[in-house]
Amino acid sequence: MVSITTDDVHEYINGVCFKTGPPGKVGAETEWLVTDTTAPETTVTIDRLAALLEGSGPPPAGSRVTFEPGGQIELSSPALPGPARAHEALAADLEHLDKTLAQDGLRLVESALDPVRPPARQLRLPRYTAMERFFAGRRSRGGHTMMCATASLQVCLDTGADAADLRARWELAHRLGPVLVAVFANSALWRGRPTGWKSTRWAIWAGMDADRTAPVLEPGGTADPAAAWAAYALGASVMAVPEIPGGGGPWLSDPGITLAEWVAGRGPRPITRVDLELHMSTLFPPVRPRGWWELRMIDALPLRWWPVPVAVAAALFDDPRARGAAEEATERLCGGPAPDRRLWLRAARDGVGDPALADCARRCLDAAVEALPRMGAAPLARLVDDYADRHTRRGLSPADTRPGVPEPRTAHAGAADRHSRHGGGAR
């Protein structure tokens, strides 16, 4: 058993998490709660879902199907060149999934938080048992709910062409994060009642262990992305230690040490690279570097609208003109290279009912609508434009249009106005 050092941690992060290359590929991971149309308050078992999916054959475009602890289905697309290709593939696989479920009276829940059923863990893998014990031991009620009753849409984008591009895209991802929370907030109901938050899912995440869920880049933080991620990982508590590296034997949950302390020799056994990889997989910041950017702040959306955040993020990162517009708008919103935590919470609580977030969001979505035809994705531009008309330009998030959610108290003047250059450019 070969132990690792702090230098090994930095080497792993630089070489694996922040590898560079020509940008342009797009992927998405969509999580979905599932309900029985005849018994919406009952739990749909993973055994039932697995049997249905096995009988229907693999998704036609190659997405990977997995399950989250509460029985949520996760469909992960391959990384493909550009938003049009990514949309085409994942749309085909989601249609296959939706039809398969419908044959047995099941449907995908179009919310990022189960609005009716209490959280119930189904997967009994050691990883999830240790995770549940970790959060329970720290009196984090949100941990169990996060694992079993929430669903997100994660957009995956390349890190950058070189070190300078990587840093610029890292900063943009963090500044854009609260905007994406606000624009796509879709979890205002829990246990049948409004919570007062447009994205209750985000509020649940923010209320958990900040060592592993807070944004990596914050005002006053280090400018070096790799150094920031290494410091974050080393300072985070170790969630669990398997008796045997790689997961064999019993798991010790919450040994009461940080990764830095384990590397320094304070753990129950020497730490290996496999342990490091496990630890990194238990860190859940809104922007997670994995050799690509994993944007984790977006709520699961209704089936009609899931392509919108994928298209918007791809356009704002990979089209130069749209990226310039997004950088300018988000720097003005954040007042610098990174948002503070209050902005993230405002986004989750108020959505685009917040005037500053609404203004930035409209500018970013307008830029994406203009950019997508240049990227060979004109149909997605029309969909983004339609979404913006129905939601963002009216000062609304999807949460505001859900049955049972009170209408916003105020409407922002000009929220429905359109810049004339966007009137028909995508059509």
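Small disclaimer: the values here were computed from a predicted structure and weren't measured.
- By the 30° and 60° cut-offs, the orientation of the rings of F184 relative to Y387 is tilted.
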**Message:** Does L113 form a side-chain contact (heavy atoms from CB on, under 4.5 Å) with T145? I'd like the steps, not just the answer.
**Reply:** CA-CA 9 Å; L113 176 66; T145 303; 4.1 Å; yes
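- In R133, the CZ atom is not crowded: 12 or fewer heavy atoms of neighbouring residues, nucleotides or ligands sit closer than 6.0 Å.
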**Prompt:** Please walk me through it: do S63 and H96 pass side-chain contact (heavy atoms from CB on, under 4.5 Å)?
**Reply:** CA-CA 11 Å; S63 294; H96 172 80; over 6 Å; no
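- In this structure, a donor-acceptor pair under 3.5 Å is absent between the side chains of T401 and R390.
- With hydrogens and angles left out, the side-chain atoms of R212 and T282 include a donor and acceptor closer than 3.5 Å.
- Between D386 and R304 a salt bridge is recorded (basic side-chain N to carboxylate O distance below 4.0 Å).
- In this structure, L380 and H87 approach most closely via the heavy-atom pair CD2-CG, 3.8 Å.
- Ring geometry, W170 versus W293: the interplanar angle falls from 30° to 60°, so the pair is classed tilted.
- The backbone N or O of R193 sits nowhere less than 3.5 Å from a side-chain atom of R191 that would complete a donor-acceptor pair.
- Within 6.0 Å of atom CZ in R124, more than 12 heavy atoms from other residues, nucleotides or ligands are found, so the atom counts as buried in its surroundings.
- The pair D359-R363 meets the salt-bridge criterion, since a charged nitrogen lies less than 4.0 angstrom from a carboxylate oxygen.
- Under a 4.0 Å N-O distance rule, the pair D211/R138 does not qualify as a salt bridge.
- With hydrogens and angles left out, the side-chain atoms of R175 and T330 include a donor and acceptor closer than 3.5 Å.
- The existence of a salt bridge linking D400 and R394 is excluded, since no basic side-chain nitrogen approaches an acidic carboxylate oxygen closer than 4.0 Å.
- P242 and D275 make their closest contact through CD-OD1, 4.3 Å (heavy atoms, listed as atom of the first residue, atom of the second, distance).
- Atom CE of residue M280 and atom OH of residue Y232 lie 10.0 Å apart, to the nearest 0.5 angstrom.
- More than 12 heavy atoms of other residues, nucleotides or ligands lie within 6.0 Å of CD in E132, so this atom counts as buried by the packing criterion.
- Side-chain atoms of T35 and R107, non-hydrogen and from C-beta on, do get closer than 4.5 Å to each other.
- To the nearest 0.5 Å, atom CG of residue L295 and atom CG of residue L180 are 7.0 Å apart.
- The local environment of CD in E11 is sparse, with at most 12 non-hydrogen atoms from other residues, nucleotides or ligands closer than 6.0 Å.
- Within a 6.0 Å sphere centred on CZ of R374, other residues, nucleotides and ligands contribute more than 12 heavy atoms.
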